Amino acid sequence: MEYFKEKLVETAASMLGLPAEQISRHLRVPETRRGDLALPCFPFAKTLKKNPNVIARDLALQLDNMKEFSAKPEGPYVNVTINPRLLVINTINEILSKKTKYGHQDIGSGKALVIDFSSPNIAKPIAFHHIRSTVTGMALCRLSRAMGYNPVGINYLGDWGKQFGLLALAFKTFGEEERLEKEGIRYLVQLYARANMAAKGDPKKGILPEQGFDERARNLFSAMENGDKEVIDLWKRFRDISLEEFDKIYSRLGVTFDHVEGESKYVNVLDSTIDKVRETVGVRISQGALVADIEYDDDEPPFMLRKADGSTLYGTRDIAAAMDRFNRFEFAKSLYVVGAQQRLYFTQLFRCLKAMGFEWADRCIHVPFGTVLKKKPDPENPGGYTLERFATRRGEIIYLEEVIDEAVAKAVQIMKKTNPELGENESKTVAEQVGVAAVMFSELSHRRSKDIAIETDENDYILWEKLIDFRGQTGPYLQYAHARSCSIMRKGGGPPGKGVDLSLLTHPAETALVKELAAYPSDLKRAFDEYEPAILADRLIAVGRAVSYYYTLGNQDRDMRILCKDKKMSNARLALVEAVRLVLRGGLELLGIPVPERM
RNA sequence: GCGCCCGUAGCUCAGUUGGAUAGAGCGUCGGCCUUCGAAGCCGCAGGUCGCAGGUUCGAGUCCUGCCGGGCGCGCCA
């Protein structure tokens, strides 16, 4: 496809005497019935001082004479159809030779691209909302590798901060050793909820905060920062318990990191970090706290480095971490896949780094995403609904593990009916893969900026059938399309060797399918450029749809089957299906979604 | 109150950075299993693109003002 676009732009540019860039900016994909590419000529009318209809007519004439295209003017548009024979041959051959690396590029030329993602807080379980940063971050790692970067995935644990003072205090005052031993992280959640209650109370329920609890927690965190052994030992236990729990989920999701490190890594350099800020941008005391003296908008809260009680905040640790990352990796880009709530925070962090004189501050990019909300029926407005947050501080939480389990259970159920002949082992593996795909893909199929609403009934019971679906635009749908392509390849004896006549592929369903494949590379690039894996997900859905339709043609008409009587035709179709298989597989792998060969 | 994000079919979302008659999935209804895998395919119905102005050859897309929702706005991360 890129070849044809370039060819078109090149000829148009030389004919009109305009820079190629100006042409390609306006090149469009029109409605399918009009052709494959379209060039509106309004934009050139002014500079060339010619009637756009005339420009279109002349251009169409020229393009129509080339072997690559047929073209006709329609008013001020040139509609171009790529020679289907060439497009089919060109696209399929390219895929077959590049395999699952089709569409990959080397714009990164091996430079490091740091991705800070997942980054859960210690002592809290991985909740459903963590799916966002985790899956998006993983996909961005793989996408950046496909674009020639060397990704450095960092799981930057929230393993330092006041909440550990709170938690340690809770454990010391009313913790039960046996329960911590047995229940692990789930017990920590309860402790945390109880600690929060003690510290802040619950105005809704009329519960008052416990006298002095919050202050004692704060003191305990200060003690931690000063190296108090008893608290630190406790903290280490909480951390170990958490990491063990996290690993279970990461391995189910197939998520890996190049580095797992947390804020605690920087406790020893906090003073020198603050000194560095002081020397470069300056600091001042504001309401007892130490803040960075950068430029602020009106009413903007200051960027805080040290609280009035002397303990530090995450901002200080993030400055240290950013410096450390640049020193270690000399990154070309450094992405922070973190919720949109922290937008203001990150603009301040980057502004501060920039003011400190680090030119690489411009390479730091916050990749934000929307919030996970609860959507439930509105009792005051029948038929309507309300959106609210999950009250994690009160212990209200959806465990990601639970969601995956639910999806896997559903996959098991379906597979009992549809594919009972799979052995027990494979069946179990595949059900896991399908369930995981359903959960992961539902995240990857929306633009990051959208909030996610989990539907519940009026009693907060999750409507699982709305959350987990295997039909339509889903992960399992793509896995299914892929598994069928594998099945056909198995029955057809694998991809054909040399001497395949791809020019036999002239059926509209075949050329339509090839066009979906041909659009893959540019969408891959765009998915990376916009840090938006959903663009790739959409592309794969389009391929899946086109190939599913194509398969179905063989139901009515045996001559339309891939494995038809005509050997030459069959070989050509096998080549096409192999190309589809490679694209689906390559694309799903980039999204981090498992790709079973049967299901 | 101020700032940022979102608002497109009953629901969940696309819409290639300003181009032609706004597209998918789910759901509803109706079809296709003597299947190269029905987790599939086809069809019908469903839209004042939140509202009102503006910019121009052209606006779902840009600007302004409203409306609705989300998020943020100092010692949490």
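Computed from a prediction, not measured in an experiment: that's the story for all the values here.
No side-chain donor-acceptor contact under 3.5 Å links T136(A) and R448(A).
Within 4.0 Å (heavy atoms only), E530(A) reaches at least one base atom of the nucleic acid. The residue V434(A) sits close to a base: some heavy atom pair falls under 4.0 Å. Among the protein residues, A481(A) comes within range of no part of the nucleic acid, since none of its heavy atoms lies under 4.0 Å from any strand. Heavy atoms of Y477(A) sit under 4.0 angstrom from primed sugar atoms or phosphate atoms, though from no base atom. Across all strands shown, Y549(A) has heavy atoms under 4.0 Å from sugar-phosphate atoms exclusively, and none from any base. Base engagement by N419(A) is indicated by at least one non-hydrogen atom pair under 4.0 Å involving a base atom. Using a 4.0 Å heavy-atom distance criterion, Y345(A) is classed as making no nucleic acid contact. Using a 4.0 Å heavy-atom distance criterion, N79(A) is classed as a base contact. Residue R598(A) is classed as a base contact, given a heavy-atom separation below 4.0 Å to a base. Within 4.0 Å of G554(A), counting heavy atoms only, lies at least one base atom of the nucleic acid. Among the protein residues, S548(A) comes within range of the sugar-phosphate backbone only, with heavy atoms under 4.0 Å from sugar or phosphate atoms but none that close to a base. Counting any heavy atom pair closer than 4.0 Å across all strands shown, A483(A) reaches a base atom.
Comparing the C1' positions of rG19(B) and rG37(B) gives an interatomic distance of 43 Å, to the nearest angstrom. A gap of 39 Å separates the C1' atoms of rG65(B) and rU28(B), to the nearest Å. Annotation: rG68(B) and rC49(B) have their C1' atoms spaced 16 Å apart (nearest Å). Between rC71(B) and rG30(B), the two C1' atoms lie 44 Å apart (nearest whole Å). With both ends at atom P, the span from rG43(B) to rA52(B) equals 34 Å, rounded to whole Å. Rounded to whole Å, the separation between the P atoms of rA14(B) and rU64(B) comes to 24 Å. Annotation: rG74(B) and rC67(B) have their C1' atoms spaced 32 Å apart (nearest Å). If you take atom P in rG1(B) and the same atom in rG10(B), they sit 31 Å apart, rounded to whole Å.
Residues V372(A) and F128(A) are in side-chain contact: their nearest non-hydrogen atoms beyond the backbone lie under 4.5 Å apart. With contacts defined as side-chain heavy-atom distances shorter than 4.5 Å, the pair V338(A)/Y345(A) does not qualify.
For P76(A), the side chain to side chain contact (heavy atoms under 4.5 Å, CB included) test picks out F42(A), P52(A), N53(A), with sequence neighbours left out. Y520(A) meets the side-chain hydrogen bond (donor to acceptor under 3.5 Å, both in side chains) test with no other residue; sequence neighbours excluded.
Each of G544(A) and V78(A) was assigned the nucleotide of RNA chain B with the nearest heavy atom; the assignment lying further toward the 5' end belongs to V78(A).
Under a cut-off of 6.0 angstrom, the local environment of CZ in R585(A) is sparse, with at most 12 non-hydrogen atoms contributed by other residues, nucleotides or ligands.
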Completion exercise
Given Watson-Crick and G-U pairs under 3.5 Å, RNA chain B in dot-bracket ([ ] crossing, | other strand) is (((((((..((((.....[...))))..((((.......))))......(((((..]....))))))))))))....
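You'll find that the side chain of S487(A) is closest to rG37(B), out of rU17(B), rA20(B), rG37(B). Nearest to the side-chain atoms of R447(A) among the listed nucleotides rC41(B), rU16(B), rA14(B) stands rA14(B).
Summarising the geometry, the separation between CD on E532(A) and C1' on rA14(B) is reported as 11 Å, rounded to the nearest angstrom.
The phosphate of rG40(B) (OP1 or OP2) has no side-chain N or O of R545(A) nearer than 4.0 angstrom. Taking side-chain N and O atoms only, R558(A) has no distance below 4.0 Å to OP1 or OP2 of rU34(B). Within the 4.0 Å cut-off from OP1 or OP2 of rU16(B), not a single side-chain nitrogen or oxygen of R25(A) is found. The phosphate of rG27(B) (OP1 or OP2) has a side-chain N or O of R471(A) nearer than 4.0 angstrom. Distances shown here put every side-chain N or O of Y314(A) at or beyond 4.0 Å from the OP1 or OP2 atom of rA77(B).
In this structure rC4(B) sits in the anti conformation; its chi angle is more than 90° from 0. With its glycosidic angle within 90° of 0, rU17(B) is assigned syn.
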Using nucleotides 54-61 of chain B, report all nitrogen or oxygen pairs with the protein that are shorter than 3.5 Å.
none

Can you tabulate the close N/O pairs, meaning under 3.5 Å, that link protein atoms to atoms of nucleotides 9-11 of chain B?
from    : atom 1 : to      : atom 2 : distance (Å)
rC11(B) : O3'    : K375(A) : NZ     : 3.1

Could you run down the sub-3.5 Å N/O contacts of the protein with nucleotides 5-8 of chain B?
from   : atom 1 : to      : atom 2 : distance (Å)
rG7(B) : OP1    : K450(A) : NZ     : 3.4

Exercise for the section: Mark up nucleotides 68-75 of chain B, 5' to 3', with B wherever a protein heavy atom is under 4.0 angstrom from a base atom, S wherever such an atom reaches only the sugar-phosphate, and - elsewhere. Expected result: -SSSSSBB
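Pairs of residues two or more places apart, or lying in two chains, that qualify as salt bridge (Lys or Arg N to Asp or Glu O under 4.0 Å) and include a residue from residues 286-299 of chain A are R284(A)-D293(A). Among pairs with a residue in residues 462-475 of chain A, none fulfils side chain to side chain donor-acceptor pair (under 3.5 Å), at least two apart in sequence or across chains. Applying the ring-ring contact (aromatic ring centres under 6.0 Å, His included) definition to pairs two or more places apart or across chains, none involves residues 539-565 of chain A. For residues 481-492 of chain A, no pair satisfies side chain to side chain donor-acceptor pair (under 3.5 Å), with sequence neighbours left out. For residues 431-444 of chain A, every residue pair satisfying the salt bridge (Lys or Arg N to Asp or Glu O under 4.0 Å) rule, not counting sequence neighbours, is listed here: R132(A)-E443(A), R252(A)-E432(A).
A donor-acceptor contact under 3.5 angstrom links the side-chain atoms of R33(A) to the base of rU21(B). If you check distances only, the side chain of D469(A) never reaches the base of rA39(B) with a donor-acceptor pair under 3.5 Å.
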Handout entry: salt bridge (Lys or Arg N to Asp or Glu O under 4.0 Å) between D214(A) and K162(A), intermediate numbers included
Key = CA-CA 10 Å; D214(A) 194 56; K162(A) 191 192 132 191; 3.2 Å; yes
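Ion pair K376(A)/D457(A) not flagged as a salt bridge, since none of the NZ, NE, NH1 or NH2 atoms sits closer than 4.0 Å to an Asp/Glu carboxylate oxygen. Ion pairing between D159(A) and R317(A) fails under the 4.0 Å rule for side-chain N and carboxylate O.
Ring-plane geometry between W235(A) and F164(A) is classed as perpendicular, the angle between the planes exceeding 60 degrees on a 0 to 90 degree scale with a lower cut at 30. Taking the six-membered ring where the residue is Trp, Y336(A) and F350(A) present tilted rings, their angle falling between 30° and 60°.
Across all their heavy atoms, P476(A) and M599(A) have their closest contact at O-CE, 3.8 Å. Heavy-atom minimum distance, G158(A) versus Q163(A): O-NE2, 4.0 Å.
Cation-pi geometry between K50(A) and F44(A) is not met at under 6.0 angstrom from the ring centre and within 45 degrees of the axis.
Applying the 5.5 angstrom centroid cut-off and the 30 degree plane-angle cut-off, the aromatic ring of Y77(A) is stacked upon the base of rA20(B).
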